[in-house]
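Sequence lines set the chain letters: A, B, ... in the order given, protein chains first and strands last, and positions in each chain run from 1. Quick caveat: nothing in here was measured; it's all calculated off a predicted structure.
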Amino acid sequence: FHDYHFGLEENEGISELFDCD
Amino acid sequence: PPQTPVRAAMDVIQQLKMTLHSASDRPSEALISYFNNCTVNPTEDIIKRVEYLGNVFKEKFAEALGMECAEIGYQRFNLAKRLYFRVMESMLKSEEKRLSVQNFSKLLNIDTFHTSLLGCSVEVVMATYGSSGSILQTGTTHAETNLSFPWILHIFKLKAFDFYKVIESFIKVEPCLTREMVKHLEGCEHRIMESLAWQTDSPIFELIKQSREQEGQTEQPEPTSS
C-alpha cells in the first residue's frame with residue numbers, strides 16, 4: 001500500500017468504525 | 001510504446017475499466033448470501049438506495065457539465081456501482097475472516113455505511129478521470145476537475161466524518177488501486193481530519209460528548225480546562 005499510514009489496529013475493522021462490534 | 005503522460009493517463013483509465021469489466025453492477029451470489037444471512041434483510045434498501053443515489057449523481061453531473069454530458073455521467077456512475085458491490089463483498093469477506101461471523105445485519109442496515117462506500121467508489125472513478133483531465137483535454141475532463149472531492153459529500157448529503165470511516169478499509173480490500181489513487185484518498189482523509197470533520201453539524205462532536213460521558217462514569221472527574 002505504498003506510503004499509506006494505517007490508523008486501525010490489527011483487531012479493528014469497518015464493523016467497529018460503524019459501531020457494530 | 002514509450003510511456004508518455006498521455007499514455008500513462010489512458011492506461012490508468014483502461015486499468016479501471018478492465019478491473020470493473022468483470023464486476024457486476026448488481027449484488028453477486030456471495031453478497032446475496034450475506035444479505036440473506038442478516039436478521040433484517042437489507043437487499044431492498046440497498047437496491048433502492050443505489051438507484052436513488054444514481055439518479056442524484058446523474059442529475060448533478062449533467063447540471064454541472066451540461067445535458068450533453070448526461071451519458072458520460074451515466075457511464076461514470078455505472079463504473080462506481082460495480083466498484084461499490086465489488087468492495088462491499090471484499091469487506092464482508094475480510095470481516096467474516098476477522099470476526100468469524102456471517103451475520104452483518106447491523107452494518108448492512110446502516111445508511112451512512114452504504115452511502116459512504118458508494119461515495120468513495122464514485123470518488124475513485126471521478127479522480128481516475130479527473131487526474132487525466134489536464135493531460136487528455138477531452139472536452140469534459142477539464143470541467144470535471146470541479147467535481148472532485150469534496151463534491152461527492154455535497155451531492156450525497158454525506159458527513160465528512162462518515163466518509164472518512166470507509167477510506168482505510170476500502171484501500172485495504174481493493175488491490176487494484178494505483179499508487180496515485182491511494183495518495184488521492186489519503187489526501188481526502190487529511191482534508192477531513194484537518195477541517196471538514198470539524199464543521200458545526202459534524203457527528204464527531206456527539207462522539208466526543210459520548211466518550212466524555214463514558215469516561216465520567218468510570219473515572220473521577222477532572223478539573224475543567226479552557
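Other residues, nucleotides and ligands place no more than 12 heavy atoms under 6.0 Å from the OH atom of Tyr52(B). At most 12 non-hydrogen atoms from other residues, nucleotides or ligands lie less than 6.0 angstrom from CD of Glu29(B). In the displayed structure, Arg26(B) atom CZ is contacted under 6.0 Å by at most 12 heavy atoms of other residues, nucleotides or ligands. The neighbour count for Gln210(B) CD, taken as heavy atoms of other residues, nucleotides or ligands under 6.0 Å away, is above 12.
Shown here for Asp19(A) and Lys106(B), the closest heavy-atom pair between the two residues is O-NZ, 2.9 Å. Between Glu16(A) and Leu99(B), the shortest heavy-atom contact is OE2-CD2, 4.1 Å. Taking all atoms of both residues into account, the shortest heavy-atom contact from Val166(B) to Ile14(A) is CA-CD1, 3.9 Å. The heavy-atom pair separating Glu95(B) from Gly13(A) by the smallest distance is OE1-CA, 3.9 Å. For the residue pair Phe18(A) and Thr112(B), the shortest heavy atom distance occurs at CE2-OG1, 3.8 Å.
With sequence neighbours excluded, the residues forming a ring pair (Phe, Tyr, Trp, His ring centres under 6.0 Å) with Phe57(B) are Phe61(B), Phe77(B), Trp151(B), listed by chain and number.
Looking at Ile110(B), only its side chain comes within 4.5 Å of chain A, counting heavy atoms on both sides.
The side-chain heavy atoms of Val101(B) and Ser15(A), taken from C-beta on, include no pair separated by under 4.5 Å.
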### Task
Start with the C-alpha distance between Leu8(A) and Lys172(B), add both sets of side-chain angles, then the distance that settles side chain to side chain contact (heavy atoms under 4.5 Å, CB included), and finish with yes or no.
CA-CA 11 Å; Leu8(A) 289 176; Lys172(B) 269 184 180 167; 4.1 Å; yes

